> 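Submitted below is the structure of interest, expressed as structure tokens.
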4 protein chains.
Amino acid sequence: MNNIPATVADFEEYARRTMNPGAFGFYIGGADSEVTLRRNIEAYNNLLLRPKVMVDVEQVSIATSILGEKISSPICVAPTAYHALAHHDGEIATARACAAVGTCFCQSTNSNYTMEQVASSVPKEALRWFQIYVQEEQEITQKLVKDCEKAGFKALVVTLDRPRLGKRLHVLRSGFTLPKHLSRANFHGDEENDGSVSYYHGEMYPGMTWKDIKYLKSITKLPIVVKGIFREEDAELAIQYGVDAIIVSNHGGRQLDSCPATIEILPEIVAACKGTKVEVYMDGGIRTGTDVFKALAIGARCVFVGRPALWGLAYQGENGVKQVLNMLNYDFRLTMTLSGCSNVQEIDKSFIASAERYSFSHTLAKL
Amino acid sequence: MNNIPATVADFEEYARRTMNPGAFGFYIGGADSEVTLRRNIEAYNNLLLRPKVMVDVEQVSIATSILGEKISSPICVAPTAYHALAHHDGEIATARACAAVGTCFCQSTNSNYTMEQVASSVPKEALRWFQIYVQEEQEITQKLVKDCEKAGFKALVVTLDRPRLGKRLHVLRSGFTLPKHLSRANFHGDEENDGSVSYYHGEMYPGMTWKDIKYLKSITKLPIVVKGIFREEDAELAIQYGVDAIIVSNHGGRQLDSCPATIEILPEIVAACKGTKVEVYMDGGIRTGTDVFKALAIGARCVFVGRPALWGLAYQGENGVKQVLNMLNYDFRLTMTLSGCSNVQEIDKSFIASAERYSFSHTLAKL
Amino acid sequence: MNNIPATVADFEEYARRTMNPGAFGFYIGGADSEVTLRRNIEAYNNLLLRPKVMVDVEQVSIATSILGEKISSPICVAPTAYHALAHHDGEIATARACAAVGTCFCQSTNSNYTMEQVASSVPKEALRWFQIYVQEEQEITQKLVKDCEKAGFKALVVTLDRPRLGKRLHVLRSGFTLPKHLSRANFHGDEENDGSVSYYHGEMYPGMTWKDIKYLKSITKLPIVVKGIFREEDAELAIQYGVDAIIVSNHGGRQLDSCPATIEILPEIVAACKGTKVEVYMDGGIRTGTDVFKALAIGARCVFVGRPALWGLAYQGENGVKQVLNMLNYDFRLTMTLSGCSNVQEIDKSFIASAERYSFSHTLAKL
Amino acid sequence: MNNIPATVADFEEYARRTMNPGAFGFYIGGADSEVTLRRNIEAYNNLLLRPKVMVDVEQVSIATSILGEKISSPICVAPTAYHALAHHDGEIATARACAAVGTCFCQSTNSNYTMEQVASSVPKEALRWFQIYVQEEQEITQKLVKDCEKAGFKALVVTLDRPRLGKRLHVLRSGFTLPKHLSRANFHGDEENDGSVSYYHGEMYPGMTWKDIKYLKSITKLPIVVKGIFREEDAELAIQYGVDAIIVSNHGGRQLDSCPATIEILPEIVAACKGTKVEVYMDGGIRTGTDVFKALAIGARCVFVGRPALWGLAYQGENGVKQVLNMLNYDFRLTMTLSGCSNVQEIDKSFIASAERYSFSHTLAKL
Ligand SMILES: Cc1cc2nc3c(=O)[nH]c(=O)nc-3n(C[C@H](O)[C@H](O)[C@H](O)COP(=O)(O)O)c2cc1C
Ligand SMILES: Cc1cc2nc3c(=O)[nH]c(=O)nc-3n(C[C@H](O)[C@H](O)[C@H](O)COP(=O)(O)O)c2cc1C
Ligand SMILES: Cc1cc2nc3c(=O)[nH]c(=O)nc-3n(C[C@H](O)[C@H](O)[C@H](O)COP(=O)(O)O)c2cc1C
Ligand SMILES: Cc1cc2nc3c(=O)[nH]c(=O)nc-3n(C[C@H](O)[C@H](O)[C@H](O)COP(=O)(O)O)c2cc1C
């Protein structure tokens with residue numbers, strides 16, 4: 001028996017056993033009954049693969065690009081709060097791991113290290129995006145955006161699905177708050193951020209509407225990526241308001257419970273963006289190479305992982321995140337190989353089918 | 001770890017640990033194999049939410065009205081028997097909690113406190129309805145109705161689904177009967193009600209038909225709400241016989257087992273009442289804010305909760321019921337906020353979809 | 001806590017704890033993986049009830065008739081082998097209980113008491129049928145039929161689904177055989193039947209075809225009921241060959257595994273017999289009043305119970321069987337009452353609906 | 001209680017208790033989350049049988065032929081690696097058992113005994129096929145083919161679904177490698193095969209395409225059977241490239257996870273081969289007689305079993321494999337008997353139906 005983690009679940013199990021239970025609960029939990037959280041993961045099982053054989057897969061490339069920037073793999077790291085709960089090096093470790101692996105790191109507004117600290121820890125060319133909660137006071141938003149540009153972030157990821165914090169039972173039950181020695185580093189002027197601030201802070205202002213996107217576009221040239229779109233009508237509005245990309249997300253099942261899984265929403269959003277230049281990504285429940293493959297087959301250009309990176313961080317800091325990303329990349333490449341795809345452009349909907357398509361009521365009719 | 005209940009299940013768990021097991025079994029149980037009881041709760045999971053983002057949800061109002069009376073929230077309290085099993089203050093405590101929260105309390109015929117006792121414990125303006133089992137002897141029915149009017153109840157809720165008592169295994173097995181010190185308070189003249197009466201009493205008479213509704217309307221001006229309609233044909237008859245509202249209910253799974261969940265029946269009844277003035281409500285399995293939201297999205301004007309109020313009562317009497325109602329209101333408001341609705345009129349079917357609509361066989365076809 | 005059995009499962013549990021394990025295994029087991037056995041029971045859950053309210057159900061009658069003979073309830077007792085394994089009085093006890101309750105007892109070929117012994121233990125007018133395995137040697141078959149007529153049995157139930165014995169793991173594993181002191185009483189001339197005969201005997205001959213039905217009809221005036229029809233094509237042949245009734249059965253899941261449940265087959269057979277005089281009955285998995293109601297709503301004229309009667313027998317002999325039958329009759333009458341049917345003729349397909357009919361994809365479309 | 005194994009699960013259980021855990025894990029495991037592995041087995045439950053009664057089944061024959069060669073039953077043995085892990089006699093024992101039973105043994109490239117050793121252990125007329133992983137170096141492939149012909153193998157089974165090894169967690173976790181005393185016997189010249197070689201070896205070369213089939217056909221007259229076809233497009237290519245038969249397989253769930261079960265794929269491939277001379281077989285999850293029957297009803301000419309033969313081998317070597325095959329043959333014959341088929345030609349799609357066909361939404365519509 002060796003103990004090297006071989007799946008995301010192995011990393012998670014390690015975190016469960018070693019992290020502070022309150023912090024672990026904060027990471028792993030979802031909203032309410034966690035119906036959406038579970039669905040995010042289980043829905044992949046209703047989508048089946050249709051491998052092609054006898055394709056030359058001696059060389060398989062998983063490289064791709066997002067918003068014109070090259071990444072070594074379509075597996076990026078989603079914005080998640082407070083990495084220092086998992087490892088002292090926090091977001092710096094995560095950013096370094098992404099840089100080493102060659103993929104995009106999206107920093108959360110609610111990070112324990114500042115944008116500048118993160119920026120100065122990685123090579124200049126390492127692709128970094130910044131996730132922003134738009135504030136009611138335009139000056140605060142504007143300052144965040146300017147800091148962001150200065151620190152070399154390449155896109156603004158605007159989270160839309162958190163006008164109020166979801167009801168997360170893990171945290172309500174444990175009474176977890178951010179430990180005194182940690183703070184929301186990007187807000188050091190803010191007196192509330194003395195280290196004892198509860199995790200309830202740092203959301204967008206609930207009066208936010210599409211006008212705020214207009215405003216953002218008026219103050220920056222950075223591409224705008226909206227995160228949390230959940231229906232085609234909103235995708236159409238997003239296109240209309242000139243966003244550059246959409247992340248299909250339900251905040252890892254942490255906001256509104258009883259929603260579909262993100263992989264179930266993806267087709268609707270991909271369809272709505274067809275024929276436009278808007279790129280579509282997704283996050284939520286990505287745990288294996290086949291999950292990534294399915295998302296790309298539906299039409300996502302890349303995926304983001306939230307918790308898996310946190311488990312890597314809890315395991316061995318920068319090195320742990322690298323292991324998680326390398327493992328997922330390995331698994332994704334293997335999926336491509338066994339499916340008969342030698343580069344990501346070849347992955348299309350012909351490689352997937354709904355479980356229903358294989359129901360006997362459907363297939364026996366062919367005989 | 002704090003122990004403040006955060007979900008209806010937490011209150012239920014408290015009741016399970018502290019109540020007399022026979023009484024708890026009487027409260028929680030359903031008929032036969034409890035297929036319908038479980039279905040009432042689980043069916044909500046087959047209906048998914050489609051949140052809208054970028055809506056101004058700074059101010060969210062959950063207030064509404066039923067039969068022209070304002071209520072602070074569409075979550076009302078269903079008629080359930082024998083509240084004194086949960087707390088000494090019985091129906092008085094429940095009615096007070098409803099008054100404090102500003103919602104409608106529906107008193108059961110089989111209450112441990114009389115209508116007058118309940119009426120005199122709450123402010124005059126507090127909305128109260130009375131649930132009635134029509135009796136074969138018209139004088140008894142008439143007396144109940146007159147008492148009801150005198151005590152200021154604003155509507156008669158006529159239960160239709162209990163011509164005979166359902167077979168409830170919990171009670172059969174525990175041999176539970178109403179303790180000697182409690183009685184069916186509204187029937188003090190009745191010699192059987194000396195405190196030892198088993199819970200088998202107090203049903204409608206099995207020969208009841210629509211003519212009895214006619215009779216009721218002939219003796220009172222109170223609005224008539226029928227409870228327990230289960231198919232469109234009966235909804236049409238109810239409309240024809242001039243009822244004012246319908247509560248879609250299966251008596252909390254306590255009568256006929258192997259029925260659909262009430263949330264599954266609701267669309268059929270809403271459709272049947274379209275274009276009429278008859279209001280449609282529902283009860284059964286409401287445990288979270290998303291459950292309420294789904295019922296309203298289908299077309300219910302309000303919902304009633306049965307057991308959740310009883311668990312609150314067992315927890316801390318009046319204060320416990322208030323906690324349960326406040327918690328549900330909080331959760332429902334949060335659901336509205338995260339779904340992008342700022343008042344209940346905005347909640348419509350565009351915010352829900354069947355799980356099947358998100359099946360890949362359906363969604364992949366869009367690509 | 002009282003211990004009076006309140007469900008079939010309670011009787012079964014009693015039998016499990018008190019019977020010889022080998023004999024209990026022989027009774028309860030099905031073939032192979034018992035997929036069909038489980039399905040027989042679970043399939044009822046996919047059929048839902050649509051109760052009607054405001055029907056006068058003061059008087060509810062469950063009486064009916066089969067092949068022109070009155071029975072007090074549509075719940076009859078199926079032919080099952082070796083009742084003396086459950087109780088010393090064996091088939092005599094079961095027959096008496098049926099007579100007392102007023103329903104039909106169908107005696108198995110493989111009984112521990114002879115036809116004559118059973119016949120002489122019950123009032124002459126008590127309705128009894130005899131289940132026969134047709135033998136290759138016409139003389140044996142003919143003798144059985146003549147004995148049958150002489151003993152006053154009113155119909156021949158010809159079992160079709162046992163050309164070879166199914167593979168029953170319970171029995172293979174326990175090595176169960178009929179105890180020495182018991183025998184296949186109707187075959188006393190047969191030297192193999194010295195009490196040590198294994199349960200493998202007593203099947204129909206595997207070369208049997210529809211010609212054998214012709215032969216049976218040529219030697220007796222008794223009505224012919226075929227048991228084990230499983231597809232419409234065979235129902236049509238049965239009609240053509242002049243049978244009087246069909247029992248839809250899969251031998252309680254003891255023969256071919258991986259078949260549909262009998263309640264799933266029933267509609268196909270009812271449809272095939274429409275417009276003919278052939279009556280359709282069914283057995284398999286009937287455990288509650290709602291099960292019976294569903295079968296009648298589809299079009300069965302009556303149902304048969306196999307194991308439930310055996311559990312009653314194991315509980316308290318004749319008295320136990322009576323309790324089981326009375327309980328099922330009570331439950332069935334209650335189902336009728338709560339569904340709004342005052343006699344069995346009123347039960348039709350308008351009272352049932354598939355679970356799919358209540359799926360939200362179907363019902364939301366009505367809004 | 002007797003302990004003679006009565007199901008494949010009984011043999012598996014014996015192997016689990018007695019084999020080296022690493023070797024057992026290597027045998028039983030699938031790729032990744034083993035979704036496909038489980039699906040391979042469970043999918044059979046969604047296909048139901050429609051038995052016919054009153055058919056003369058006194059004599060039932062299960063004999064058939066593949067590629068013109070007679071076999072005593074349509075249940076053959078799939079190529080699996082390293083039989084010596086289960087029993088010292090390894091492939092020799094398995095081959096002998098197949099010969100004794102009269103069915104086809106397909107030897108894996110990765111066997112512990114050479115082709116010649118196997119060939120010389122069985123009667124000349126015993127049907128043997130050889131499974132080959134095509135190598136990049138044509139000489140190696142050519143030598144394998146020539147050895148094969150010389151040793152009297154009657155067909156080449158070319159495995160297509162292993163361009164790279166699947167990710168099998170059992171093996172990753174146990175660190176299992178082939179024990180030093182065992183080797184890939186057919187490659188004795190190869191220095192890596194000194195007994196310590198890990199199981200990672202012995203796959204096809206990942207650059208393989210349909211041209212390699214052309215090449216194979218150019219160097220041998222043996223019929224070509226391709227194993228691992230998974231979609232109709234590939235079946236059409238296989239036909240076009242002149243293969244003689246196709247085995248629908250997903251490598252026992254050991255390669256690409258999240259694929260449909262093989263029984264779910266079978267109809268698509270059978271339909272694609274209709275009207276051609278290409279025979280279709282399948283493997284994956286065959287554990288009972290009804291599984292075999294279903295595969296044949298869809299249109300497979302025979303099935304192959306992988307793990308069941310290995311469990312027999314672990315149980316009692318040659319004798320154990322014989323027991324497994326005899327048991328499966330017995331069960332399959334019984335399924336035919338109870339379904340009303342007296343020879344395998346009679347088995348067609350009229351004997352099966354999807355579970356959906358028996359859903360009440362479908363069947364009630366007939367009433
Ligand atoms: C602990 C945690 C914190 C998160 N914090 C943020 C955040 O600050 N901003 C944000 O837009 N999303 C946040 N998310 C949501 C993630 O960006 C992402 O949508 C989600 O984690 C994806 O699901 P997965 O964890 O299943 O991969 C957070 C998620 C987790 C688990
Ligand atoms: C303990 C208990 C007693 C009840 N008593 C009555 C009653 O007296 N009259 C009535 O119309 N409904 C009665 N009901 C049914 C409720 O009005 C309501 O339909 C049901 O409780 C709603 O389901 P829920 O408990 O899942 O919220 C009772 C329900 C329970 C649980
Ligand atoms: C222990 C046992 C013995 C049976 N013996 C016979 C029999 O001798 N002849 C026959 O036609 N059916 C026999 N059956 C099948 C029953 O007639 C009937 O089809 C089945 O029990 C109905 O299913 P249920 O047990 O779920 O009610 C037997 C069933 C059981 C459980
Ligand atoms: C332990 C093991 C080793 C296998 N080795 C090979 C192999 O060397 N070549 C091959 O083509 N298939 C191999 N297979 C796949 C089998 O040929 C077959 O597809 C599979 O076992 C069928 O599924 P079943 O085990 O559920 O019957 C192997 C399968 C197992 C379980």
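Since the structure is predicted, the reported quantities are computational estimates derived from the model, not experimental observations. Lettering of chains follows the sequences in order, A, B, ..., and the numbering in each one begins at 1.
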> With a 4.5 angstrom heavy-atom cut-off, could you sort out which part of Val55(B) is near chain A: side chain, backbone, both or neither?
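The backbone, not the side chain.
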
> Shorter than 4.5 Å, heavy atoms on both sides: which option in Glu136(A), Gln255(A), His362(A), Arg164(A) has the most such pairs with chain B?
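Option with the top pair count is Arg164(A).
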
> Can we say Glu268(A) and Arg50(B) salt-bridge, meaning some charged N sits less than 4.0 Å from an Asp/Glu carboxylate O?
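Here Glu268(A) pairs with Arg50(B) in a salt bridge, since their nearest N and O are under 4.0 Å apart.
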
> Check this for me: Lys214(A), atom NZ, are more than 12 non-hydrogen atoms of other residues, nucleotides or ligands nearer than 6.0 Å?
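Check fails, neighbour count at 12 or below.
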
> Side chain, backbone, both or neither: which part of Asp234(A) has a non-hydrogen atom closer than 4.5 Å to chain B?
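Answer is side chain: those atoms of Asp234(A) sit under 4.5 Å from chain B.
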
> Relative to chain B, which segment of Ile263(A) carries a heavy atom at a distance below 4.5 Å: side chain, backbone, both, or neither?
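Contact with chain B involves both backbone and side-chain atoms of Ile263(A).
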
> Between Ser361(B) and chain A, which part of the residue has a heavy atom less than 4.5 Å away: side chain, backbone, both or neither?
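Looking at Ser361(B), backbone and side chain both touch chain A.
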
> Report yes or no: is the cationic atom of Arg17(B) (NZ for Lys, CZ for Arg) under 6.0 Å from the centre of the six-membered ring of Phe24(B), at an angle within 45° of the ring normal?
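The answer is no, since Arg17(B) fails at least one limit relative to Phe24(B).
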
> Taking every non-hydrogen pair under 4.5 Å, which of Ala261(A), Cys259(A), Ala271(A) racks up the most with chain B?
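It is Cys259(A).
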
> Where the side chain of Gln135(A) meets the backbone of Thr141(A), is there a donor-acceptor pair that is under 3.5 Å apart?
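Side chain of Gln135(A) to backbone of Thr141(A), a donor-acceptor pair under 3.5 Å: no, none is there.
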
> Using a cut-off of under 4.5 Å for heavy-atom pairs, which of Gly340(B), Gly289(B), Ser350(B) has the most such pairs with chain A?
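Most heavy-atom pairs under 4.5 Å with chain A: Ser350(B).
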
> Do you know which of Val35(A), Leu47(A), Asn46(A) has the most heavy-atom pairs under 4.5 Å to chain B?
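Going by pairs under 4.5 Å, I would pick Leu47(A).
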
> Is there a donor-acceptor pair closer than 3.5 Å between any side-chain N or O of Asn250(A) and the backbone N or O of Leu256(A)?
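Absent.
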
> Examine distances only and state if a side-chain atom of Glu12(B) and a backbone atom of Val8(B) form a donor-acceptor pair shorter than 3.5 Å.
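It does not hold such a pair.
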
> Counting distance only, does the side-chain N/O of Ser72(B) pair as donor-acceptor with the main-chain N or O of Val101(B) below 3.5 Å?
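Answer holds: yes.
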
> Looking at Ala355(A), Ser258(A), Pro267(A), which one has more heavy-atom pairs under 4.5 Å with chain B than the rest?
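Top count of heavy-atom pairs under 4.5 Å with chain B: Ser258(A).
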
> At a 4.5 Å cut-off on heavy atoms, which part of Ile352(B) comes close to chain A: side chain, backbone, both, or neither?
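For Ile352(B), there is no contact with chain A at all, as no heavy atom is under 4.5 Å.
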
> Heavy-atom pairs under 4.5 Å with chain B: which of Lys274(A), Arg39(A), Arg357(A), Lys211(A) has the most?
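Heavy-atom pair counts peak at Arg39(A).
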
> Need one label for Leu367(B): side chain, backbone, both or neither, based on atoms under 4.5 Å from any heavy atom in chain A.
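Contact with chain A: backbone and side chain both.
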
> Can a cation-pi geometry be assigned to Arg231(A) and Phe351(B), taking NZ or CZ under 6.0 Å from the six-membered ring centre and within 45° of the ring axis?
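Checked: cation-pi criterion met.
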
> For a side chain to side chain contact (heavy atoms under 4.5 Å, CB included) check, start with the C-alpha distance between Met336(B) and Ile347(B), then their side-chain angles and the critical distance, and finish with the verdict.
CA-CA 8 Å; Met336(B) 286 181 61; Ile347(B) 305 173; 4.0 Å; yes

> Chain B heavy atoms under 4.5 Å from Ala353(A): which part of the residue, side chain, backbone, both or neither?
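For Ala353(A), backbone heavy atoms alone lie under 4.5 Å from chain B.
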
> Given a strict heavy-atom distance threshold of 4.5 Å, which part of Ile298(A) is in contact with chain B: side chain, backbone, both, or neither?
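Both backbone and side chain of Ile298(A) come within 4.5 Å of chain B.
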
